[in-house]
Structure formats: structure tokens, C-alpha cells
Amino acid sequence: MDDDERTQRIFQRVLDLTRNGELEWEQSGPWFEARFDSAHLRIASVDEDELPPFEFKILLPRNRETIAELRSASLKDAPTGEERHRRRVQNESLKLLFGLARRQALGIDSVFERLEQELEIDE
Amino acid sequence: VTKRQWIAFDLISVAVVGGLVAWGLLQAWEAGIALGVAGIAVSTAGFTIAIQQIRTTRGASIAAAHAVSDALRTMASVRLSALLPILRHEMDALETAVRQRDSEGARRALNSWRGLSLDAVNALAGRIADGHRVLKQVEKAREAALDAKSGLYDPPEDADAFTKVQREMEMAFDELAIAVNELVQREVEDG
């Protein structure tokens, strides 16, 4: 299995864990990070505008060097239907991970809940 | 009475009062207190001089503030004049990228144009009315640029997104050019 396949597998696992609320993300500047002993994971909007392209990176904890990454790919210059579909799925997954990580890191759900309580809004 | 006479009068008053107090205290041979009073006298004299200097320089400060304001206004129009060809360059770069189906080049040009147009809007702030048509048109073009960029990666793809953003950018560029021209003309008329 090459590095790209392993990165893909890691990404899918990270997406599942995040979806299930089992991974803790932290805001770190304009991006969001989850930290493991072996590596740090980062999801970011490349242009820092919360829009695509997004990039998922695996970084070395000691010097923050990137050892692997996945990035949204343009659909405009996709050569074939199959490649186009693959890019589309990957782009959607990256976008989903960014949205979930942001939501979790910023505690958006708990802010809504507290605000609704303060405003005495019934469920 | 001139300002100089006022200063001289202040200084003499302070010196006389300080001297009298010091003399009275020195009679009691309290050297520490006498030195304290002498210090107060010196401080009061210094304060009087400082106040007078502030009065003197106030006129110069107002003139300097006017000069700074004029310089900033001129800088804004110079900055805007310099931004226009760069905006045009990015529009050309976008056109080339679209023609060559270069998504990365298109993304870069769209981002640059958005940043530069925001600079232009900031330079115009306070010099044109809030709801001026140039601001509306630039905002429209900036939104179209975001849509076009998102459309590179996100379905549903809008086949006309690039045609639309290029048209909006052209219109925004024309409005900016007119606004800059008006600004420069106004500065010339104001001297």
C-alpha cells in the first residue's frame, strides 16, 4: 500500500470519527487541528475563506513538517468521467470534514443550546 | 501684552513666590523642606513654559494635521490609480487561465482580484457616499468571484460562472476608473 492509499484510509477514518463526535478538534489560527502522539492532523480552507479548496494534512509533531496531504481538486480540468466522479467525492468529503471540525472546535452546538436556554426558547 | 511678556511675568511671579517661601523656610533652617519648595517652584515654572509652548505650537499642529490630511487624500488617489492597472492585469490573467482551462491560475487570479478590489474600496471609503454605485458593483463582482471559485470544486457547476464573473469585473473596473477620475479631478479643483 502506498502513501496515497494510506492517507486516503486515514482520512476516511478521521472523517468517520469526527462524524461520530469521537475526535477532538481545536482551532489553531485559520485552520483546525486534531493531535495524536504520532502526528497532528489539520484541515484548512486553502484561501482562508472557509470555501474550497480544502486541504487535509498530516504533520510531524516535532517540527510541523507535512508528510502527507489531500486537497480539493478542480472539477473543470478533470480528464474523464470516472476521475471527475472521484474528485467530486473527495471534494465533498474534504468540505464535510472542514465543516464538522469547525463546528466541533468552535463548540457551535453548545453555543446554540445555551443561547436557546438563555432566550427561553422551547424545544 | 505680548506672549513673551506673559511668559516673563509668569516666570518672575513664580521666582518671587518661590524665593519668598524658600526664604521663610530657610529661616527655620529646614533644608529638606526648602529644597522641596524650590523644586515645586522650578516645576511650576517648567509647567508654565510648557503650556506656553503648547499654545505657540498649536497653530503649527493644526497646519501639520491639515498637511497630513491632504497627503493622505493624495495618497489614496495615487494608490487607486496604481491599483487599476493591477486589477486589469488580474482580469487578463483570469481570461488566460479560463482559456487554457487552468483552474489553479483561475483561482489565483480570482483571489488576487478580490483582495485588490477590497483595497480599492478601502481607499475610496470616506471619499464617496456609502451607497455609491461603484461600491455596489465591486461587491457584486467580488461575490461572483467567490461563486466562480467555489464552482471549480463544488457541484453543481455553473457553466456560466466565469462568463458572469468576467462581465461583473469589467463593469466594476469601469466604475472604479470613473470614481478615481472624479476623485483626482476634485483634488485638482480643491488645489
Side-chain angles (χ1 to χ4, degrees), chain A residues 4 7-8 10-12 14-15 18-19 29-32 41-58 66 68-103 108, chain B residues 86-87 89-122 135 138-169 172:
Chain A
D4 286 348
T7 307
Q8 281 285 355
I10 289 169
F11 174 75
Q12 280 308 323
V14 165
L15 181 57
T18 306
R19 211 185 253 145
W31 46 73
F32 302 97
L41 307 175
R42 178 186 291 171
I43 182 78
S45 162
V46 174
D47 300 324
E48 298 178 10
D49 55 7
E50 300 188 358
L51 290 171
F54 297 105
E55 64 184 2
F56 169 76
K57 284 185 174 184
I58 302 174
T66 303
E69 65 182 318
L70 282 181
R71 187 174 157 149
S72 311
S74 168
L75 301 173
K76 291 275 181 210
D77 43 15
T80 63
E82 198 180 325
E83 171 63 11
R84 198 180 182 78
H85 177 71
R86 191 194 66 75
R87 288 185 184 191
R88 202 171 148 158
V89 170
Q90 180 166 299
N91 289 357
E92 280 173 9
S93 298
L94 282 160
K95 184 181 177 181
L96 179 63
L97 181 62
F98 181 84
L100 290 170
R102 178 179 178 274
R103 197 169 185 84
I108 291 175
Chain B
I86 310 174
L87 281 165
H89 172 79
E90 293 302 338
M91 287 155 71
D92 292 344
L94 177 64
E95 196 183 328
T96 306
V98 170
R99 204 171 46 243
Q100 294 177 348
R101 299 181 69 80
D102 169 13
S103 297
E104 200 52 25
R107 182 180 74 83
R108 276 197 301 270
L110 289 167
N111 281 340
S112 293
W113 198 93
R114 289 190 77 242
L116 291 164
S117 62
L118 188 62
D119 276 355
V121 166
N122 288 339
L135 301 179
V138 170
E139 191 49 38
K140 228 170 138 185
R142 296 185 78 241
E143 278 173 21
L146 271 188
D147 289 346
K149 190 188 79 154
S150 294
L152 286 169
Y153 308 93
D154 255 355
E157 296 169 60
D158 179 2
D160 297 329
F162 279 93
T163 314
K164 186 183 169 196
V165 71
Q166 284 174 298
R167 190 179 60 236
E168 297 295 349
M169 280 178 173

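So that the names make sense, note that chain A is the first sequence line, chain B the second, and so on, each numbered from 1. What you see is a predicted model, and the numbers here were worked out from it, not measured in a lab.
Here the CD-OH distance, from Q90(A) to Y153(B), works out to 12.5 Å after rounding to the nearest 0.5 Å. Rounded to the nearest 0.5 Å, atoms CG (D154(B)) and CG (L94(A)) are 10.5 Å apart.
Residues forming a salt bridge (Lys or Arg N to Asp or Glu O under 4.0 Å) with D49(A) (at least two apart in sequence, or on another chain): K149(B). Every residue two or more places apart in sequence or in another chain that forms a ring-ring contact (aromatic ring centres under 6.0 Å, His included) with F54(A) is listed here: F98(A). Residues satisfying the salt bridge (Lys or Arg N to Asp or Glu O under 4.0 Å) test with E55(A), not counting sequence neighbours, are K57(A).
A 6.0 Å sphere centred on CZ of R101(B) holds no more than 12 heavy atoms belonging to other residues, nucleotides or ligands.
The contact between E92(A) and chain B is made entirely by side chain atoms (from C-beta outward), counting heavy-atom distances below 4.5 Å.
Interface with chain A: from residues 103-111 of chain B, residues S103(B), E104(B), R107(B), N111(B) qualify, criterion being any non-hydrogen pair under 4.5 Å.
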